[in-house]
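Scroll down for the structure; my scribbles are underneath it.
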There are 4 protein chains.
Amino acid sequence: MPVEQLRSQQRHQRILDAATQVFSTKGYHAALVDEIAAEADTSKGGVYFHFPNKQAIFLALLDRLADILRERVESAVAVHGDPLARAEAALHVVLETFGSHRRLARLFLVEALGAGPEFNARMVAIRADFADLIRVHLDEAVATGAIPPLDTATAATAWFGAVNEVVTHWALARSPGRLEDAYPTIRGLLLHGLYAS
Amino acid sequence: MPVEQLRSQQRHQRILDAATQVFSTKGYHAALVDEIAAEADTSKGGVYFHFPNKQAIFLALLDRLADILRERVESAVAVHGDPLARAEAALHVVLETFGSHRRLARLFLVEALGAGPEFNARMVAIRADFADLIRVHLDEAVATGAIPPLDTATAATAWFGAVNEVVTHWALARSPGRLEDAYPTIRGLLLHGLYAS
Amino acid sequence: MPVEQLRSQQRHQRILDAATQVFSTKGYHAALVDEIAAEADTSKGGVYFHFPNKQAIFLALLDRLADILRERVESAVAVHGDPLARAEAALHVVLETFGSHRRLARLFLVEALGAGPEFNARMVAIRADFADLIRVHLDEAVATGAIPPLDTATAATAWFGAVNEVVTHWALARSPGRLEDAYPTIRGLLLHGLYAS
Amino acid sequence: MPVEQLRSQQRHQRILDAATQVFSTKGYHAALVDEIAAEADTSKGGVYFHFPNKQAIFLALLDRLADILRERVESAVAVHGDPLARAEAALHVVLETFGSHRRLARLFLVEALGAGPEFNARMVAIRADFADLIRVHLDEAVATGAIPPLDTATAATAWFGAVNEVVTHWALARSPGRLEDAYPTIRGLLLHGLYAS
DNA sequence: GATGAATGAGCATTCATTCAT
DNA sequence: AATGAATGAATGCTCATTCAT
């Protein structure tokens with residue numbers, strides 16, 4: 001009976017969407033399951049039918065977002081041959097994605113920390129995954145001699161952090177500008193350091 | 001009665017130290033005032049005599065830490081004449097300070113974000129302050145022509161973020177290495193980008 | 001449509017069997033309708049098609065068990081002419097039945113009491129019925145002069161209780177022996193008291 | 001500061017008294033912690049300050065009652081030299097105590113069962129303790145030759161059960177008579193069996 | 001100043017029951 | 001008849017905060 005399964009999956013998604021909304025507005029702890037239920041046009045019991053507990057909802061959210069981001073990065077990277085261009089593309093996609101989903105950015109970069117030690121392990125893993133997405137290209141760039149040898153793991157982490165901080169700043173700003181405007185500066189900085197142009 | 005005032009200030013400090021310990025271990029929400037009291041060898045009432053509420057303890061902690069960090073940065077910066085060297089020194093001090101106080105790093109970079117929307121404004125301000133500490137030197141460097149013109153605000157934020165992410169990664173790692181080891185890579189990256197000779 | 005009726009009755013029985021299993025393992029309150037449904041290879045809705053609510057399942061269970069016990073007692077009693085022998089036979093059958101169905105014993109003697117005030121009235125009635133099953137024979141024994149006059153109601157209750165406690169003890173024991181072994185002692189005690197020759 | 005300790009202990013007792021009232025009226029599961037708090041003129045938090053959870057309150061209640069009962073039995077037993085008279089005295093005290101505290105009887109003999117498997121172990125232990133209180137005297141009576149050898153453990157359990165059932169019957173009765181009236185019958189039955197007088 | 005008993009609003013979670021399909 | 005998603009009232013427990021002593 002695909003009709004019922006479909007309905008069920010739709011509800012599942014509706015709850016996740018509602019959770020995104022509530023978590024990113026109130027933060028993990030202040031978010032009430034009741035609010036998520038209301039936002040999803042369901043009852044509290046309905047939420048608990050689809051998820052075992054509040055934590056699982058949040059985790060599912062992070063995973064969903066991480067998957068989306070990863071996919072976007074990978075397809076953006078695919079069109080470039082040059083390792084450095086790939087790394088750049090990855091950077092650009094993250095900025096672009098968060099730039100058009102301030103809510104998600106906030107959820108991912110702000111609320112996910114401090115939601116409790118239970119989440120830290122998962123967050124470390126997710127963030128490390130992204131840094132890795134960049135590292136492989138740096139490694140390749142080093143291998144091809146495009147850039148001098150360096151500690152690519154630290155470099156990738158730093159790259160990712162640079163982007164994150166700019167995004168976080170923007171995500172928490174009271175009246176944020178356009179995130180994309182920061183791109184040229186970040187790009188230049190990462191590629192050439194302060195001695196850009 | 002200076003003796004009693006002294007006693008009171010000592011108690012104040014003892015509570016903050018206890019709070020540092022508890023908050024950085026359990027996270028803001030999971031930390032109980034009871035635990036802080038116990039760790040400070042006081043009673044719950046004692047804690048509430050010195051601080052109006054839990055939030056205030058956390059905020060006082062952040063402020064104390066920010067002050068210490070700022071002071072260190074400023075005195076480290078003072079010994080350098082060259083703007084770029086000053087920026088570098090600031091960076092190095094942050095890395096060094098957190099590197100020798102993993103607990104503080106975790107508190108400042110992980111728990112403080114996501115502790116709840118109440119704290120976000122303050123954290124944004126604090127982080128912006130630090131970025132600013134770097135920005136002024138970059139501005140000066142631009143003014144003296146040491147480096148080409150660029151969006152120094154974004155650049156400073158990115159710098160700060162790059163350092164933060166590396167520190168955060170280290171602060172959350174299960175078996176962290178020496179944070180200082182990351183310094184040369186970060187330094188090269190920030191100054192010269194990937195093409196660091 | 002006798003085929004369908006049969007199917008329905010089988011399902012009814014299957015649910016009762018499943019309920020016996022679950023109730024006696026978890027106790028009335030901790031037993032979930034979901035578990036009963038799963039154990040009966042049905043759905044929750046299926047259970048509610050056959051029974052109006054959880055309480056009714058439990059009550060039906062008690063009644064079924066009481067009926068079985070009553071029947072056994074009555075047929076065992078029928079083969080004896082002597083009133084005292086009848087009383088004895090009743091006692092023996094109860095011991096024997098529970099002895100071979102520890103689960104039922106537990107259900108009947110432990111969970112049924114204390115399952116909640118709603119059940120107390122019914123349990124009192126059921127237990128009184130059994131005491132009565134014994135009482136009538138005692139009355140007859142008194143009438144025929146086989147034993148001296150006594151408060152047969154209290155005596156029958158006490159008999160029943162003596163048996164119950166021994167069974168309960170056995171039903172709750174971690175590693176129970178053979179219940180039948182207790183029979184001679186109980187028999188002697190009830191007939192002759194401590195001075196059983 | 002004995003004043004404060006006294007106050008605390010009084011509150012502790014008040015909660016236990018309230019719990020006795022509520023548990024014996026509603027049964028373990030239907031009893032709300034809120035009701036106990038209200039009955040004890042405290043708040044829910046007050047209850048939880050003195051007891052870690054609902055279960056602990058119930059267990060404390062059972063233990064308190066068991067202690068009282070044990071003490072009474074022991075002091076009643078002490079005045080008799082004859083082993084059989086001691087056993088009789090124990091029996092009488094139980095009947096008398098429950099007879100004047102129907103509420104406790106109900107709690108102890110009805111609600112304690114079925115409160116959940118967690119309690120069964122404790123209840124078995126408590127009931128076994130009481131049976132043992134009787135058994136030791138029976139053993140002595142056997143040793144002195146006052147009564148013929150018999151399985152004293154089973155006999156003591158049966159004695160205890162006989163008394164329990166009569167008490168339970170009375171505790172659950174809608175309009176109970178005087179429990180003490182049952183004493184002569186039970187006494188005669190236990191000592192001489194049906195061939196009493 | 002310090003203590004710790006008391007407060008009570010707050011919330012996640014459970015689960016019997018219903019009902020559209 | 002059967003299914004299982006959905007409901008929502010119910011409740012144990014937490015914990016920041018207060019305040020009498």
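Order of the sequence lines fixes the chain letters, A, B, ..., with proteins taken first and strands second; residue numbering starts at 1 for each chain.
Between A/Arg11 and the phosphate of F/dA5, there is no side-chain N or O to OP1/OP2 separation shorter than 4.0 Å. Note on D/His50: a side-chain N or O is less than 4.0 Å away from OP1 or OP2 of E/dA6.
Side chains of B/Leu172 and A/Met123 form no contact here, defined as non-hydrogen atoms less than 4.5 Å apart.
In this model, no side-chain donor or acceptor of A/Lys44 finds a partner on the base of F/dT7 within 3.5 Å. No hydrogens or angles were tested; on distance alone, nothing pairs the side chain of C/Lys54 with the base of E/dT17 as donor and acceptor under 3.5 Å.
Among the atoms of the strands shown, only primed sugar atoms or phosphate atoms (P, OP1, OP2) are found under 4.0 Å from some heavy atom of B/Asn53. When heavy atoms are screened at a 4.0 angstrom cut-off, C/Ala31 is found touching the sugar-phosphate backbone but no base atom. Residue D/Ser8 is classed as having no contact, given no heavy-atom separation below 4.0 Å to the nucleic acid.
Checked by atom type, the side-chain pair D/Thr42/D/Arg14 shows no donor-acceptor distance below 3.5 Å. A/Arg102 and A/Ser24 are not linked by any side-chain donor-acceptor pair at a separation below 3.5 angstrom, with hydrogens and angles left out of the test.
Across all strands shown, E/dG4 forms a Watson-Crick or G-U wobble pair with F/dC19, both key distances being under 3.5 Å.
A distance of about 13 Å separates the C1' atoms of F/dT21 and E/dG1, rounded to the whole Å.
Comparing B/Gly46 and D/Thr42 against DNA chain E, the residue whose closest nucleotide sits nearer the 5' end is B/Gly46. Nearer the 5' end of DNA chain F, as judged by each residue's closest nucleotide, is the contact made by A/Val47, out of D/Tyr48 and A/Val47.
Atom CG of C/Asp41 and atom C1' of F/dG4 are 16 Å apart (whole Å). Rounded to whole Å, the distance from CG on C/Asp34 to C1' on E/dA16 is 10 Å. Atom NE2 in D/His12 sits roughly 17 Å away from atom C1' in E/dG4 (whole-Å rounding).
Heavy atoms only, all atoms of each residue included: C/Arg64 and C/Asp17 are closest at NH2-OD1, 3.0 Å.
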Inset, instruction - Might you work through the side chain to side chain donor-acceptor pair (under 3.5 Å) test for B/Thr25 and B/Arg103, ending with a clear yes or no? - result: CA-CA 8 Å; B/Thr25 306; B/Arg103 200 174 289 290; 3.3 Å; yes

